[in-house]
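Keep in mind it's a predicted model, so treat the numbers as computed, not measured. Whatever order the structure lists them in is the order used to number ligands and atoms, beginning at 1.
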Amino acid sequence: MLSYRHSFHAGNHADVLKHIVQMLIIENLQLKEKGFYYLDTHSGVGRYRLFSEEAEKTAEYQEGIARLWDKEDLPEEVQRYVSLVKKLNYGGKELRYYAGSPFIAAQLLRPQDRALLTELHPADYPLLRNTFKEFTNISTKRDNGFQQLKATLPPKERRGLVLIDPPYELKEDYDLVVKAIEEGYKRFATGIYAIWYPVVLRQQTKRIIKGLENTGIRKILQIELAVRPDSEQRGMTASGMIVINPPWTLEEQMKKILPYLTRTLVPEGTGSWSVKWITPE
Ligand code: SAM
């Protein structure tokens, strides 16, 4: 049932967008001294070897992080993200490893911040646990990520980010995302929730948007980067992040960097981007 392995996709254009948004939200939470809670519901293994058999087979990172790696004109926000990935590569010239969302968070967390990383895959979970076993403020758990919103919210810190990044290999994930958000929001309405979504068939993406609109939750921002126009053919043409209660700076930051990202990640010229409110304040 769990056939999705993120190692095939690590560092692709969708990861670039997701991890930049994740970094910007965490940076914003850290403008205050008070600690916060970071919940990563679908963590993957935490970091990826790009010279592994899986990554080399698809080489999706070649059209993602690799296109930013040597650039000297990166916008400052993108530069900070690339620096985080460079840390994982021992600051080196060569791109050999890619940082998953748990690693991006782990690089940024301060001692007063706390994280819970959940992953369900029997082969991926032990890798995740091993990678983070030395971190005293990071716990890992082999469990269903969707259930963690009900189980662990509200956090004692009363501030936090929940990243929901399912594989969507099961169609029900589209509905489970909305259900999980409802559960979380009931308990922790001031939390920040960031949901990653692919655009494979636009109808399925609309299902999440409709579902969220129907919850009545306000302040939902949608950020999207397309590498090709929508299509009925197989394959992901775009991906996006839906952010509930985004930091007020996020909209402007993304509007500033998305033209650069689109140009650089999609040199073929078929790309496009958008930042819009699903429901405003
Ligand atoms: N968030 C990661 C990152 O950005 O580096 C990538 C996550 S990947 C897209 C999705 C992961 O969710 C896979 O590793 C998969 O094994 C895991 N998974 C699938 N269903 C799950 C569930 N119900 N609960 C927790 N993890 C699940």
Side-chain angles (χ1 to χ4, degrees), residues 1-26 38-50 52 54-55 58 60-61 64-65 81 84-85 87-88 97-109 115-132 138-152 161-181 183-184 193-200 204-205 208 223 225 236 239-243:
M1 209 166 73
L2 283 173
S3 57
Y4 179 93
R5 308 302 299 277
H6 194 66
S7 40
F8 288 105
H9 312 289
N12 67 4
H13 61 85
D15 264 6
V16 170
L17 178 70
K18 176 191 357 174
H19 296 146
I20 289 177
V21 170
Q22 178 199 5
M23 178 198 79
L24 292 173
I25 296 172
I26 293 179
Y38 171 73
L39 170 61
D40 202 325
T41 60
H42 296 67
S43 295
V45 302
R47 60 177 177 171
Y48 299 89
R49 278 170 51 203
L50 296 177
S52 71
E54 291 97 333
T58 47
E60 289 186 17
Y61 72 94
I65 181 71
Y81 153 73
L84 287 177
V85 186
K87 272 194 193 167
L88 184 57
Y97 296 93
Y98 185 69
S101 52
F103 193 89
I104 297 278
Q107 287 301 303
L108 294 170
L109 291 198
L116 172 63
L117 315 173
T118 50
E119 168 59 45
L120 204 49
H121 199 287
D124 285 353
Y125 176 70
L127 297 170
L128 179 74
R129 186 189 52 210
N130 278 344
T131 304
F132 296 101
I138 299 181
S139 336
T140 59
K141 188 154 80 165
R142 178 158 181 235
D143 210 340
N144 188 328
F146 291 120
Q147 288 168 4
Q148 305 314 309
L149 287 88
K150 193 169 176 181
T152 74
L161 166 64
V162 179
L163 177 68
I164 307 180
D165 182 19
Y168 298 96
E169 61 178 336
L170 304 172
K171 285 218 181 64
E172 66 201 44
D173 279 357
Y174 290 91
D175 298 327
L176 289 175
V177 163
V178 177
K179 269 210 195 113
I181 289 291
E183 288 291 352
Y193 299 84
I195 304 156
W196 179 82
Y197 68 86
V199 181
V200 179
Q204 290 171 336
T205 311
I208 300 189
I223 299 161
L225 195 166
M236 178 170 72
S239 74
M241 292 288 276
I242 296 173
V243 187

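Ligand 1 lies less than 4.0 angstrom from a heavy atom belonging to T41. For the ligand labelled ligand 1, residue D143 lies inside the 4.0 Å heavy-atom shell. Residue H19 places a heavy atom under 4.0 Å from ligand 1.
Residues passing the salt bridge (Lys or Arg N to Asp or Glu O under 4.0 Å) test with D124 are R5, sequence neighbours excluded. Scored by the side-chain hydrogen bond (donor to acceptor under 3.5 Å, both in side chains) test, D175 finds R207 as partners (sequence neighbours excluded).
Taking a cut-off of under 4.0 Å to the non-hydrogen atoms of G145, the atoms of ligand 1 that pass are 22 (C), 24 (N), 25 (C). Listed by number with element, the atoms of ligand 1 under 4.0 angstrom from any heavy atom of D124 are 14 (O). Each of the atoms 22 (C), 23 (N), 24 (N) of ligand 1 lies under 4.0 Å from some heavy atom of N144. If you number the atoms of ligand 1 from 1 as listed, the ones under 4.0 Å from a heavy atom of G100 come out as 5 (O). Listed by atom number, the atoms of ligand 1 under 4.0 Å from K18 heavy atoms are 3 (C), 4 (O).
Residue H42 has at least one nitrogen or oxygen atom sitting less than 3.5 Å from a nitrogen or oxygen atom of ligand 1, judged on distance alone. The shortest N or O to N or O distance between L120 and ligand 1 is under 3.5 Å. The N/O atoms of T118, backbone and side chain alike, include none that comes under 3.5 Å of an N/O atom in ligand 1.
The shortest non-hydrogen separation linking N144 to L120 is N-CD1, 3.7 Å.
The main-chain N or O of V200 is never found under 3.5 Å from a side-chain atom of Y168 such that the two would form a donor-acceptor pair. No side-chain donor-acceptor contact under 3.5 Å links Q22 to the backbone of L163. The main-chain N or O of T118 is found under 3.5 Å from a side-chain atom of S43 such that the two form a donor-acceptor pair.
Remark: among candidates H121, E119, E169, the nearest residue to atom 17 (C) of ligand 1 is E119, based on non-hydrogen atoms.
With respect to atom 5 (O) of ligand 1, the closest heavy atom belonging to the protein is S101 N, 2.8 Å. Scanning the protein heavy atoms around atom 20 (N) of ligand 1, the nearest turns out to be L2 CD2, 3.7 Å. The shortest contact between atom 6 (C) of ligand 1 and any protein heavy atom is with D165 OD2, 3.2 Å. What sits closest to atom 8 (S) of ligand 1 on the protein, heavy atoms only, is Y4 CE2, 3.6 Å.
Using a 4.5 Å heavy-atom threshold, the side chains of H19 and Y98 count as touching. In this structure the side chain of Q148 reaches within 4.5 angstrom of the side chain of K141, judged on heavy atoms. With contacts defined as side-chain heavy-atom distances shorter than 4.5 Å, the pair F146/D173 qualifies.
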